[in-house]
Amino acid sequence: MELSFAFFADSAVVPPDGKVYVLGGGFSTLQLAQLPGRAGFSVVAGFRFGPADLGQTQQVEVRLVDADNKLVVPAANLQFQAQGTQLEPGQEVSLSTVTFLSPMFGEPGTYIVEFWYEQVRLTGINLHVIERQPPEPVP
């Protein structure tokens, strides 16, 4: 199993056709009206499976951590199984996942969504949280 992509989106779904449909995807910064503040967003990830992975149950943990590496919300556990016919060497099956998070951010800074598989960190994607500044008054 291999993680092939991960990004943030306002909303995303993976219907039975297996394709991922995304609205407002690809951002790395959240601007909140005030902090502390809550924001809801999706974490979209794609996994690739080779012939040896078919039929095996895979478990991936998704963690949102702050700058001190503390969990912001409880970790999400993804569990899935790549299905399909026998693959030839070099062939693969792709599977997309969507994890919705709605954390309370206490302060501005860089937060990281991490993907863990069998105690190994696959990747981390940075999310910058800032407080929106009020517009300057017009003289």
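All heavy atoms count here, side chains included; hydrogens, waters and symmetry mates do not.
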(message) Tell me if a side-chain donor or acceptor on Gln133 pairs with a main-chain N or O of Glu131 at a distance below 3.5 Å.
(response)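 Yes, the answer is positive, given that a donor and an acceptor are paired below the 3.5 Å cut-off.
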(request) Go through Val72 and Leu101 one step at a time and tell me if the side-chain contact (heavy atoms from CB on, under 4.5 Å) criterion holds. (result) CA-CA 10 Å; Val72 177; Leu101 298 175; over 6 Å; no
Check the hydrophobic clustering (I, L, V, M, F, W, Y; side-chain heavy atoms under 4.5 Å; chains of links allowed) and say if [X] and [Y] are grouped together.
| X | Y | result |
| --- | --- | --- |
| Ile125 | Leu64 | yes |
| Val60 | Val113 | yes |
| Tyr117 | Leu3 | yes |
| Val62 | Val73 | yes |
| Ile112 | Val129 | no |

(request) Please name all residues satisfying side chain to side chain donor-acceptor pair (under 3.5 Å) with Glu61, sequence neighbours left out, ordered by chain then number. (result) Arg63
(request) Sequence neighbours left out, what pairs pass salt bridge (Lys or Arg N to Asp or Glu O under 4.0 Å) with at least one residue falling in residues 106-115? (result) Glu114-Arg121
(message) Working to the nearest 0.5 angstrom, can you tell me the gap between Ser4 OG and Leu95 CG?
(response)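 One gets 9.5 Å once the value is rounded to the nearest 0.5 Å.
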(message) Within this structure, what is the OG-CZ distance for the pair Ser42 and Phe7, rounded to the nearest 0.5 Å?
(response) 9.5 Å
(request) For Glu2, check salt bridge (Lys or Arg N to Asp or Glu O under 4.0 Å) against everything at least two apart and list the hits. (result)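 Only Arg48 meet the salt bridge (Lys or Arg N to Asp or Glu O under 4.0 Å) criterion with Glu2.
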(message) Run the side-chain contact (heavy atoms from CB on, under 4.5 Å) test against Glu118 and tell me which residues pass, sequence neighbours left out.
(response)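 Per chain and number, Glu118 pairs via side-chain contact (heavy atoms from CB on, under 4.5 Å) with no residue.
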In a table with atom names and distances, give each donor-acceptor pair under 3.5 Å that connects a side chain of residues 12-38 to protein atoms at least two apart or in another chain.
residue	atom	partner	partner atom	Å
Asp17	OD1	Lys19	N	2.9
Asp17	OD2	Tyr21	OH	2.8
Arg38	NH1	Ser102	O	2.6

(request) I would like to know whether Phe47 and Phe115 meet side-chain contact (heavy atoms from CB on, under 4.5 Å); could you show each step before the answer? (result) CA-CA 11 Å; Phe47 298 89; Phe115 290 84; 4.3 Å; yes
(request) Step by step, work out the side-chain contact (heavy atoms from CB on, under 4.5 Å) result for His128 and Asn126. (result) CA-CA 6 Å; His128 307 286; Asn126 291 344; 4.2 Å; yes
(message) Can you confirm if the aromatic rings of Phe100 and Phe41 lie within a centre distance of less than 6.0 Å?
(response) no
(request) Would you indicate whether the side-chain heavy atoms of Val65 and Lys70 approach each other to under 4.5 Å? (result)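 Result no, sub-4.5 Å side-chain heavy-atom pair not found.
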(message) Can you tell me which residue among Gln56, Met1, Glu92 is in a side chain to side chain contact (heavy atoms under 4.5 Å, CB included) with Phe49?
(response) Met1
(request) Identify, with sequence neighbours excluded, every residue that meets ring pair (Phe, Tyr, Trp, His ring centres under 6.0 Å) alongside Phe105. (result) Tyr111
